[in-house]
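Taking it in order: structure first as structure tokens, then the write-up.
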Amino acid sequence: MALANVLQSESVDFSNYGRKCRGFSSSLYETELGLESVGGDNLSFAVRTACSDGDGPERKIQFLHGTTTLAFKFQHGVIVAVDSRATAGAYIASQTVKKVIEINPYLLGTMAGGAADCSFWERLLARQCRVYELRNKERISVAAASKLLANMVYQYKGMGLSMGTMVCGWDKTGPGLYYVDSEGNRVCGDLFAVGSGSMYAYGIVDSGLKQKDLTVEEACDLGCRAIYQATYRDAYSGGQVNLYHVHSEGWNRVSQSDVLMLHQQYQAEKA
Amino acid sequence: MFVTQVYGDNGKMKEYHYTGPVEHRFSPYSFNGGTVLAVAGEDFAIVASDTRLSEGYSIHSRDSPKCYKLTDTTVIGCSGFHGDCLTLTKIIDARLKMYKHSNNKCMTSGAIAAMLSTILYGRRFFPYYVYNIIGGLDEEGKGAVYSFDPVGSYQRDTYKAGGSASAMLQPLLDNQIGFKNMEGVQHLPLSQEKAVQLVKDVFISAAERDVYTGDALRICIVTKDGIKEETVPLRKD
């Protein structure tokens with residue numbers, strides 16, 4: 001499998017353990033940043049050890065969990081906005097997670113679902129994009145990059161990967177935005193919000209995108225607002241709002257704002 | 001020692017009377033407790049861990065520190081399942097040697113962190129049940145802390161607590177080192193002496209309230225002059 005091939009050259013082959021011992025599910029909470037791993041779970045990967053409190057305290061392995069990420073196309077490119085909270089069960093493991101992965105200077109990937117799954121596969125995608133560039137002497141298109149990612153994770157369909165990511169960039173055909181997930185979905189679109197807080201974010205962006213000609217500043221503000229509202233209502237989202245803008249020359253990081261500061265700012269504006 | 005697990009009905013409250021046939025299954029994991037903490041300063045890094053090794057209601061050892069020295073500038077703290085901690089540190093040591101032989105230089109803290117991420121992810125479908133925290137100096141000589149989850153997701157922090165008492169320690173560190181939830185306070189940079197004292201106080205608190213933490217505290221202080229170790233006794237109950 002791709003995973004074993006990639007790692008084999010660099011380390012001892014442990015892939016056999018994974019295949020033989022998949023039966024020991026060990027009650028892993030999926031490393032979910034807000035995305036449920038649905039379907040194909042006939043392998044009891046998510047089995048809970050019910051009586052773990054019985055003979056002395058057996059602890060469950062807990063991965064990182066809960067998110068809101070969104071991206072939308074507009075006249076001047078793509079806006080990508082994410083929160084920065086990661087939870088492990090009910091514990092907030094971190095408020096400063098970087099959920100936007102910089103694949104290369106003109107491609108961004110967002111992280112929702114398993115933190116390790118997203119960062120590993122997108123890092124691998126960065127490597128594949130670079131190889132493409134070296135072989136073909138031109139930048140990879142957003143469609144091709146998202147296809148590479150989708151095909152890589154499709155091989156692991158049903159094995160419990162949890163990844164819901166948006167590949168955003170600018171190529172020859174203009175701004176590009178694809179949603180790719182571990183179920184095998186790969187969809188092109190103008191607006192996506194992923195994660196436990198996505199519904200709240202959709203509400204804000206849908207109402208703000210009525211006007212067709214947003215300026216860069218208005219679009220950034222809309223993205224920021226949407227994530228803020230999602231963190232306000234979703235317990236699993238919070239921390240800071242990281243905002244990126246992808247344009248013809250590449251991407252740049254617009255801002256990083258603490259949600260508490262935004263709250264005070266918006267309250268002051270209301271008054 | 002393996003632990004048997006009893007499957008009752010998922011989601012229902014545990015019943016104390018025998019209700020029917022139960023299935024016991026072998027679990028390859030067990031939880032050996034322990035807490036690890038790392039703090040990064042301007043030109044130093046501290047990695048501290050308690051030394052208690054427990055399982056269920058028993059203590060296997062009072063002198064089993066969870067910090068392992070990797071290079072002259074990096075220390076790793078591993079807590080969780082002790083078997084996986086041992087194997088993981090052996091693998092990291094081997095990879096460090098391989099790197100040293102191939103590249104004729106020691107791995108930097110950042111490189112070790114990236115490598116550990118892929119090592120952990122390689123076992124994505126049968127994870128190392130280990131919560132790792134790496135503390136060390138980066139290439140510029142500044143303190144660096146990298147915290148991991150069991151399957152390899154990682155990020156660089158200024159301070160992080162991991163292991164059984166992490167949920168108790170992390171808020172205290174947020175307040176004292178991160179100056180969170182305090183208003184009108186001057187943000188003074190953390191000195192090495194203050195950091196060491198804070199770590200000791202924080203572990204004393206953890207030993208009071210977490211059954212898996214106690215016995216002794218091992219502190220490793222990483223500076224450009226090398227790694228200094230200090231041992232402080234904690235509650236043994």
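Sequence lines set the chain letters: A, B, ... in the order given, protein chains first and strands last, and positions in each chain run from 1. What you see is a predicted model; the values in this text were computed from it and never measured. Values below: every heavy atom of this structure, side chains too, minus hydrogens, waters and symmetry copies.
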Closest heavy-atom contact between [X] and [Y]?
X        : Y        : answer
A:Tyr91  : B:Gln170 : OH-CB, 3.1 Å
A:Lys98  : B:Gln155 : N-OE1, 4.3 Å
B:Asp149 : A:Ala116 : OD1-CB, 4.2 Å
A:Ser94  : B:Lys160 : CB-NZ, 4.3 Å

Near [X] [atom1], under 6.0 Å, is it more than 12 heavy atoms from other residues, nucleotides or ligands?
X        : atom1 : result
A:Asn252 : CG    : yes
B:Tyr99  : OH    : yes
A:Tyr132 : OH    : yes
A:Arg233 : CZ    : no
B:Lys100 : NZ    : no
A:Arg123 : CZ    : no
B:Lys142 : NZ    : no

Begin from the C-alpha positions of B:Val151 and A:Phe120 and carry the test side-chain contact (heavy atoms from CB on, under 4.5 Å) through to its verdict.
CA-CA 10 Å; B:Val151 275; A:Phe120 182 87; over 6 Å; no
Please classify the contact between B:Ala161 and chain A as side chain, backbone, both or neither, with a heavy-atom cut-off of under 4.5 Å.
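For B:Ala161, neither part sits under 4.5 Å from chain A.
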Proximal component of B:Asp174, with respect to chain A [non-hydrogen, under 4.5 Å]:
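Neither part.
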Is there a side-chain contact (heavy atoms from CB on, under 4.5 Å) between B:Phe125 and A:Leu161 once you walk through the steps?
CA-CA 9 Å; B:Phe125 300 112; A:Leu161 287 188; 4.0 Å; yes
Given 3.5 Å as the limit, does a donor-acceptor pair link the side chain of B:Arg124 with the main chain of A:Gly160, or not?
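Confirmed, B:Arg124 side chain pairs with A:Gly160 backbone.
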